[in-house]
There are 2 protein chains.
Amino acid sequence: MGKTGVMGAFEEMVLLTLVRQGEAAYGVSIRRELEERAGNSVSMGAVYATLDRLESKALVRSRVGEERESRRGRPRRYYTVLPAGVRELQQTRAVRERMWAGIELDQPAEPS
Amino acid sequence: MGKTGVMGAFEEMVLLTLVRQGEAAYGVSIRRELEERAGNSVSMGAVYATLDRLESKALVRSRVGEERESRRGRPRRYYTVLPAGVRELQQTRAVRERMWAGIELDQPAEPS
DNA sequence: ACACTATCTCTACAAAATAGAGAACGGAAA
DNA sequence: TTTCCGTTCTCTATTTTGTAGAGATAGTGT
């Protein structure tokens with residue numbers, strides 16, 4: 001995490017997706033949810049590179065799924081947030097709240 | 001701004017500081033406020049590099065202050081957010097709200 | 001003219017974000 | 001059982017963002 005106490009924007013979103021999906025989170029499901037919420041496409045490379053970084057920082061852990069899942073394709077690698085990851089999310093939110101405190105932006109115009 | 005519709009974390013903080021400080025924002029005042037809110041030191045290099053990038057993306061504009069400010073030192077360069085910058089802040093906030101929607105994190109333990 | 005001070009600029013590098021191609025795995029089809 | 005095929009992961013490479021620190025600059029005051 002940077003000196004400001006706020007983690008990278010994409011790292012944060014990936015971490016939040018892990019919190020939301022619990023034990024079921026793996027590459028493709030993470031990407032799908034990210035795309036839904038962002039309203040835009042996200043590459044697998046972006047997702048996995050970020051997961052790798054989070055893992056090497058010990059904010060998440062991963063395990064390879066059971067071979068017999070009665071399903072085609074390569075076994076999934078499932079990801080879970082660790083307590084340290086939750087703490088970084090909390091910290092990030094706290095600092096950002098201080099940054100936004102008292103800010104008033106005009107409402108974006110409604111598409112008519 | 002990234003494909004996810006969320007801008008970089010430091011860029012966002014700098015932009016917010018500009019909104020807050022209005023016409024009075026310049027390198028040193030921006031850094032001071034960033035440090036106060038983050039609770040950590042921030043280098044001038046970090047601030048100026050970010051301001052330059054924001055300017056080249058036409059999210060902020062800058063002007064050199066009046067020479068006669070009855071003050072020693074090099075003239076200040078003042079920075080102001082442009083409407084495009086405000087829109088990016090709004091967009092960033094909107095996407096992030098969707099990302100955080102429904103997330104429940106345990107309260108961080110109070111230092112006793 | 002000279003020193004002093006506040007501020008800015010430059011260079012360099014580390015970390016994060018992103019794309020795209022391709023490899024691996026294992027069920028299904030033949 | 002051999003080949004095919006869909007799913008998921010891995011690797012390489014590039015761009016963007018974040019950060020530090022030294023040093024150049026433009027004025028004020030002496």
Side-chain angles (χ1 to χ4, degrees), chain A residues 1-15 17 24-32 34-35 38 40-57 59-60 62-79 88 92 95 99, chain B residues 1-15 17 24-32 34-35 38 40-57 59-60 62-79 88 92 95 99:
Chain A
M1 194 154 55
K3 292 199 57 179
T4 51
V6 175
M7 77 176 77
F10 196 68
E11 291 190 343
E12 177 181 4
M13 296 192 275
V14 169
L15 231 30
T17 304
Y26 72 102
V28 171
S29 72
I30 295 165
R31 163 158 82 161
R32 189 177 342 115
L34 250 17
E35 288 183 331
N40 223 315
S41 69
V42 170
S43 76
M44 288 313 297
V47 173
Y48 285 114
T50 302
L51 287 167
D52 282 355
R53 253 182 280 129
L54 290 172
E55 189 161 25
S56 72
K57 286 189 282 189
L59 301 184
V60 312
S62 73
R63 70 209 123 83
V64 175
E66 292 297 312
E67 300 79 358
R68 293 287 173 287
E69 291 189 62
S70 254
R71 178 181 62 69
R72 278 189 192 170
R74 194 170 180 172
R76 296 172 175 169
R77 174 173 291 274
Y78 293 97
Y79 291 86
E88 296 232 348
T92 291
V95 172
M99 292 290 168
Chain B
M1 191 152 56
K3 293 201 57 181
T4 51
V6 175
M7 76 176 79
F10 197 70
E11 290 191 342
E12 178 182 3
M13 295 192 276
V14 168
L15 231 31
T17 304
Y26 72 102
V28 170
S29 71
I30 294 166
R31 162 156 84 162
R32 189 177 341 117
L34 250 17
E35 288 182 332
N40 222 315
S41 69
V42 169
S43 76
M44 288 314 296
V47 173
Y48 284 115
T50 302
L51 287 168
D52 282 355
R53 281 176 203 142
L54 291 171
E55 189 161 24
S56 70
K57 287 189 281 189
L59 301 184
V60 312
S62 73
R63 70 211 123 82
V64 176
E66 292 296 314
E67 300 80 359
R68 294 285 174 287
E69 292 190 60
S70 256
R71 178 182 63 70
R72 278 190 193 170
R74 195 168 179 175
R76 295 172 175 167
R77 175 173 290 273
Y78 291 98
Y79 291 86
E88 296 232 347
T92 290
V95 172
M99 292 289 168

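Proteins come first, then strands; the chains are lettered A, B, ... in the order of their sequence lines, and each starts at number 1. Values below: every heavy atom of this structure, side chains too, minus hydrogens, waters and symmetry copies. Owing to the predicted nature of the structure, the values given are computational and were not obtained by experimental measurement.
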Practice task
Using modelled atom types only, decide if a donor and an acceptor are shared between the side chain of B:S29 and the backbone of B:A25 within a distance under 3.5 Å.
Solution key: no

Completion exercise
In whole angstroms, the gap separating C1' of C:dT18 from CZ of A:R31 amounts to 12 Å

Practice task
Scan A:A9 against the nucleic acid and name what it touches under 4.0 Å (heavy atoms): base, sugar-phosphate only, or nothing.
Solution key: sugar-phosphate

Fill in the blank from the handout: Taken to the nearest whole Å, CZ/A:R74 to P/C:dA24 is 8 Å

Practice task
For A:G2 and for A:M44, find the nucleotide of DNA chain C with the closest heavy atom, then tell me which residue's nucleotide is more 5'.
Solution key: A:G2

Completion exercise
Heavy-atom nearest nucleotide on DNA chain C taken for B:Y79 and for B:R72; more 5' hit belongs to B:R72

Problem - Donor-acceptor under 3.5 Å (B:E55 side chain, B:S62 main chain) - result: yes

Practice task
Check whether any side-chain nitrogen or oxygen of A:R53 sits under 4.0 Å from OP1 or OP2 of C:dA17, and answer yes or no.
Solution key: yes

Problem - Given C:dA17, D:dG27, D:dT19, the nucleotide with the shortest approach to the side chain of A:F10 - result: C:dA17

Completion exercise
From CD of A:E12 across to C1' of C:dA15 the rounded distance in Å is 17 Å

Exercise for the section: Would you kindly give the CE-to-P distance between A:M7 and C:dA17, to the nearest whole Å? Expected result: 10 Å

Exercise for the section: For A:E35 and A:V42, indicate whether the former's side chain and the latter's backbone hold a donor-acceptor pair under 3.5 Å. Expected result: yes

Practice task
For A:E11 and D:dT17, give me the distance from atom CD to atom P, rounded to whole Å.
Solution key: 15 Å

Practice task
Indicate, with a heavy-atom threshold strictly under 4.0 Å, whether A:G27 touches base, sugar-phosphate, or nothing.
Solution key: sugar-phosphate

Practice task
Give the rounded distance in Å between these two atoms: OH of B:Y26 and P of C:dT7.
Solution key: 4 Å

Problem - Rounded distance in Å - NZ (A:K57) to C1' (C:dA16) - result: 8 Å

Exercise for the section: Give a yes/no answer on whether the side chain of A:R76 brings an N or O atom under 4.0 Å of OP1 or OP2 in D:dT8. Expected result: yes

Problem - Separation of D:dT17 P from B:K3 NZ (nearest whole Å) - result: 15 Å

Handout entry: Ring-face cation of A:R77 near A:Y26 (centre distance under 6.0 Å, axis angle within 45°)
Key = no

Handout entry: Lys/Arg-Asp/Glu bridge criterion (N-O < 4.0 Å) met for A:R53, A:E11
Key = yes

Handout entry: Distance below 4.0 Å between B:R77 side-chain N/O and C:dT9 OP1 or OP2
Key = yes

